[in-house]
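So that the names make sense, note that chain A is the first sequence line, chain B the second, and so on, each numbered from 1. None of the values given here were measured: they were computed from a predicted structure.
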There are 2 protein chains.
Amino acid sequence: MFLATIVNSLDAKGRVSVPADFRMAATHEDFNGVIIWPALNGGAFFEAAGYNYMLEMQNAIRALPLYSKERDKLQNAFFGEARKLSFDSNGRVTMPKDVLERLGVDGEIAFVGQGDSFQIWNAQTRQSAAQNIQFEAVPHLHHLGANQNIKTPKGGLS
Amino acid sequence: MFLATIVNSLDAKGRVSVPADFRMAATHEDFNGVIIWPALNGGAFFEAAGYNYMLEMQNAIRALPLYSKERDKLQNAFFGEARKLSFDSNGRVTMPKDVLERLGVDGEIAFVGQGDSFQIWNAQTRQSAAQNIQFEAVPHLHHLGANQNIKTPKGGLS
DNA sequence: CCATATAAACCCATGCTATCCCATATGAGA
DNA sequence: TCTCATATGGGATAGCATGGGTTTATATGG
């Protein structure tokens, strides 16, 4: 499972270490690395996952009729825009130049766990976007069996 | 699996390198190359795949009665219009002149992964056609288990 | 059946980039 | 304090895309 937000730095060759925990979670015998694709919800990040996740997507897409509009669009968005990034012997990946540009990377990259997948951000961008994460989750906590009315006590974490 | 969009250039002899990943994915012991055919949905590209994909299509067509209208039409569109392009020792294929003309190729060729197959475009044409791919996929994401209403956050990828 | 033109296949060379490999720093845990 | 895993830096190597010369195949005409 992909957990936590981890920030690592891009080196002069465009490489970045994928957090060790994430490497474990992404392990697959047929491909030693991760697959990334531009966020399908239009967010300023790339989504990423192990090969296994991709195989599941492939199965879901294969269930759609050949040449149907939905299959066509999904294949283009998913397979057409995806990249395979394989780990080097130290667990790093080389980030393609155009990906770095689209992310606006300036040195630090954030890996954000999402359970079955994770996200790749420019660390700065992530920090701005993530200011109010806990509070944004509150209206949806009932899915976890929570009370409908949660009151925020005074003096939370800084 | 055919993943990513890769642009390579056509040389003076009409050759183009098939991306190494695609060569791997297309590997078949009986034919070292790819098969291409004009897009069956009428798009401005050729579809392409390894020999294996072609064998599957052949099986599907064989299931139809000989001399039936549907078998006849499919055989013509598929086998009649298809070309075998074999790899040279450096992993390139020679693009037939008429294919280049139909694609309107002006030097750069785009290979677009589609999972089980891939597409071959004039790079320019592809770029124009692919501007809003992610957003066009959104209405269909529920096939992958996604929410029906996806909100695009502010400030996406460039 | 041979001669010729055209195009396809083969071969080698080059530059660029990704990958490999080794070295070092840092921090966690025994 | 010592050991080990991780993150990071940098030199060496291998793979890939590309250009171009040479040879082989194929089709067409005599």
Side-chain angles (χ1 to χ4, degrees), chain A residues 2-27 30-36 48 51 82-101 105-113 118 120-123, chain B residues 2-27 30-36 48 51 82-102 105-113 118 120-123 126:
Chain A
F2 298 100
L3 288 180
T5 293
I6 288 145
V7 175
N8 284 337
S9 55
L10 197 74
D11 71 13
K13 291 181 177 176
R15 298 175 299 186
V16 62
S17 286
V18 175
D21 281 353
F22 286 28
R23 296 203 298 267
M24 297 293 187
T27 297
D30 290 342
F31 175 63
N32 186 232
V34 297
I35 318 276
I36 69 170
Y51 195 62
R83 309 286 182 96
K84 292 167 77 170
L85 306 183
S86 40
F87 300 140
D88 71 10
S89 43
N90 292 343
R92 287 176 290 196
V93 294
T94 301
M95 299 289 288
K97 278 206 194 73
D98 63 292
V99 171
L100 292 176
E101 279 170 23
V105 170
D106 59 0
E108 303 267 88
I109 293 181
F111 297 84
V112 183
F118 62 97
I120 297 180
W121 293 72
N122 175 40
Chain B
F2 296 100
L3 285 182
T5 293
I6 287 146
V7 175
N8 284 337
S9 55
L10 197 74
D11 71 13
K13 292 180 177 177
R15 299 174 299 186
V16 62
S17 285
V18 175
D21 280 354
F22 284 29
R23 296 203 298 266
M24 297 291 190
T27 297
D30 289 343
F31 175 63
N32 187 231
V34 296
I35 319 276
I36 68 170
Y51 195 62
R83 310 285 182 95
K84 292 168 76 171
L85 307 182
S86 42
F87 301 141
D88 71 9
S89 46
N90 292 341
R92 287 176 289 196
V93 294
T94 302
M95 298 290 287
K97 278 210 191 71
D98 63 293
V99 171
L100 291 175
E101 279 169 23
R102 293 181 70 181
V105 170
D106 60 359
E108 303 266 84
I109 293 182
F111 297 83
V112 183
F118 62 98
I120 297 180
W121 292 71
N122 175 40
R126 170 66 188 179

Output the single nucleotide from D/dA17, D/dT8, C/dC21 whose closest atom is nearest the side chain of B/Ala20.
D/dA17
Rounded interatomic separation in angstrom, taking CD1 from B/Ile6 and C1' from C/dA18:
14 Å
Atom CZ of A/Phe111 and atom P of D/dA7 are separated, to the nearest Å, by 9 Å
In this structure, how many angstroms lie between the P atom of C/dA18 and the CG atom of A/Leu10, rounded?
12 Å
Any salt bridge between B/Arg83 and B/Asp98, counting N to O under 4.0 Å?
yes
Under 4.0 Å between any heavy atoms, over every strand shown, what does B/Val18 touch: base, sugar-phosphate, or nothing? Just pick one.
sugar-phosphate
When you measure from the side chain of A/Asp11 to the backbone of A/Lys13, do you find a donor-acceptor pair of N or O atoms at a distance under 3.5 Å?
yes
A/Arg23 side-chain N/O to D/dA7 phosphate OP1/OP2 under 4.0 Å
yes
Whole-Å distance between C/dC11 C1' and B/Phe87 CZ?
19 Å
A/Asn32 CG to C/dT19 C1', in whole Å, measures 13 Å
Taking side chain as C-beta onward, heavy atoms only, is A/Phe87 less than 4.5 Å from A/Val34?
yes
I'd like to know if A/Asn90 reaches the base of D/dT8 with its side chain, counting only an N/O donor and acceptor under 3.5 Å.
yes
Would you kindly give the CG-to-C1' distance between A/Asp88 and D/dG15, to the nearest whole Å?
15 Å
Quick check on C/dT19: is either OP1 or OP2 less than 4.0 Å from any side-chain nitrogen or oxygen of A/Ser86?
yes
Applying the side-chain contact (heavy atoms from CB on, under 4.5 Å) test to B/Ile109, which of B/Asn8, B/Asn122, B/Leu10 qualifies?
B/Leu10
Send over the distance from A/Arg15 CZ to D/dT6 C1', rounded to a whole Å.
15 Å
Kindly say if A/Lys13 contacts the phosphate of D/dG11, meaning a side-chain N or O under 4.0 Å from OP1 or OP2.
no
Measure from CG on B/Asn8 to P on C/dC16 and round the result to the nearest Å.
16 Å
For B/Ser89, which contact category applies under a 4.0 Å heavy-atom criterion: base, sugar-phosphate, or nothing?
base
Hey, what's the ring geometry for B/Phe111 with B/Phe118, parallel, tilted or perpendicular (30° and 60° as the breaks)?
tilted
Any A/Ser9 side-chain nitrogen or oxygen under 4.0 Å from OP1 or OP2 of D/dA7:
no
